[in-house]
There are 2 protein chains.
Amino acid sequence: MSNKTRVQILKWLKDPEGNFPPHQDIDHFDDGVCVGFIQDKTGLSQSTISTYLNAMQNANLVIPTRHGKWTYYRRNEEVIRDYLETLKKEL
Amino acid sequence: MSNKTRVQILKWLKDPEGNFPPHQDIDHFDDGVCVGFIQDKTGLSQSTISTYLNAMQNANLVIPTRHGKWTYYRRNEEVIRDYLETLKKEL
DNA sequence: TTTATATATCTAGAAAATTAGATATGAATG
DNA sequence: CATTCATATCTAATTTTCTAGATATATAAA
């Protein structure tokens, strides 16, 4: 949560249709967006983005789903909501 | 906002009466809390806390007021509120 | 069952943040 | 006006974060 790129990724994942091109195999974003698309959007290296997504997954902010060769990442809305509520309450 | 200690300071400043001893010269916390008290509470060095408070002031999160030898820091409630609202809206 | 593709992990260098000691400044006090 | 006290600033060492290249793994395709 203390990194601009990672926060930006969370924001993009709020609206996959608006922020990413459609996937090849699937015609919806129910499981989120594949790593490659996120990487293209940030301009950072593949390994960096993979590391970021892994960190976000460890923090429970995103949920990964594997479909064949691809891993799709979507927001964990519940955790994000809790985080915002706690912050508003405590800060 | 990406540092535990600095966030903790903001939280403490929400309730100066509850978190800090009374000041020598002044019997209220209208202008906030002096640097020394904040330093004691964190256990970090004087220069570190001064640096932190300066950073927070640059980010407009706190407002300093000088009274004689002491500098008191208080929360900038408006900016903090805006920050939380923006985060809730955008994240 | 070799090859290609997408993602993950390992490693290490570069950059940024953290932190404290030394020193400076500004205000009160003897 | 010399001294003391509170805070600020400067400098540098340490730690953490960022980031990419190399390599590994998993799946699909040829």
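Sequence lines set the chain letters: A, B, ... in the order given, protein chains first and strands last, and positions in each chain run from 1.
- In the set D:dT19, C:dT9, D:dA8, the nucleotide with an atom closest to the side chain of A:Ser50 is C:dT9.
- Among the protein residues, B:Ile49 comes within range of no part of the nucleic acid, since none of its heavy atoms lies under 4.0 Å from any strand.
- Nucleic acid contact class of B:Phe37 (heavy atoms, under 4.0 Å, all strands): none.
- In this structure, A:Gln39 atom CD and D:dC18 atom C1' are separated by 16 Å, rounded to whole Å.
- The phosphate of D:dC18 has OP1 or OP2 within less than 4.0 Å of a side-chain N or O from A:Arg6.
- A:Lys41 contributes a side-chain N or O that, together with a main-chain N or O of A:Asn19, makes up a donor-acceptor pair within less than 3.5 Å.
- Checking the phosphate oxygens (OP1, OP2) of D:dT19, no side-chain nitrogen or oxygen of A:Ser47 falls inside 4.0 Å.
- One atom, CG of B:Asn58, and another, P of C:dA17, lie 13 Å apart when rounded to the nearest Å.
- Contact check, B:Tyr73 against D:dA8: a side-chain N or O comes under 4.0 Å of OP1 or OP2.
- In this structure, A:Lys4 places its NZ atom 19 Å from P of C:dA15, rounding to the nearest Å.
- Taking every side-chain heavy atom of A:Trp70 into account, C:dT7 is the closest of D:dA8, C:dA20, C:dT7.
- Using a 4.0 Å heavy-atom distance criterion, B:Ser45 is classed as a base contact.
- In this structure, B:Leu53 places its CG atom 11 Å from C1' of D:dA8, rounding to the nearest Å.
- Note: CD1 (A:Ile9) to P (D:dT19) measures 11 Å, nearest angstrom.
- Closest to the side chain of B:Lys69, out of D:dA8, C:dT19, D:dC5, is D:dC5.
- Going from atom CG of B:Asp40 over to atom C1' of D:dA6 covers 12 Å, rounded to whole Å.
- Screening B:Ile49, B:Ile38, B:Thr51 for a side chain to side chain contact (heavy atoms under 4.5 Å, CB included) with B:Leu44, the sole residue that qualifies is B:Ile49.
- The two residues A:Trp70 and A:Cys34 come nearest to each other via the heavy atoms CD1-CB, 4.1 Å.
- Side-chain atoms of B:His67 and B:Asp31 form a donor-acceptor pair, as typed in the model, at a separation below 3.5 Å.
- Neither OP1 nor OP2 of C:dA17 sits under 4.0 Å from any side-chain N or O of B:Asn3.
- In terms of position on DNA chain D, the residue among B:Gln24 and B:Thr48 whose nearest nucleotide sits closer to the 5' end is B:Gln24.
- Residue-to-nucleotide contacts include a donor-acceptor pair under 3.5 Å from the side chain of A:Gln46 to the base of C:dA8.
- The nearest pair of heavy atoms linking B:Met56 to B:Arg6 is CE-O, 3.5 Å.
- A side chain to side chain contact (heavy atoms under 4.5 Å, CB included) with A:Leu91 holds for exactly one of B:Lys14, B:Arg81, B:Met1; it is B:Met1.
- In this structure, CG of B:Leu44 is placed 17 Å from P of C:dA17, rounded to the nearest angstrom.
- With rounding to whole Å, A:Asn54 atom CG is found 16 Å from D:dT19 atom P.
- B:Thr71 has no side-chain polar atom (N or O) that falls below the 4.0 Å cut-off from OP1 or OP2 of D:dA6.
- If you check every strand for non-hydrogen atoms under 4.0 Å, B:Tyr72 touches nothing.
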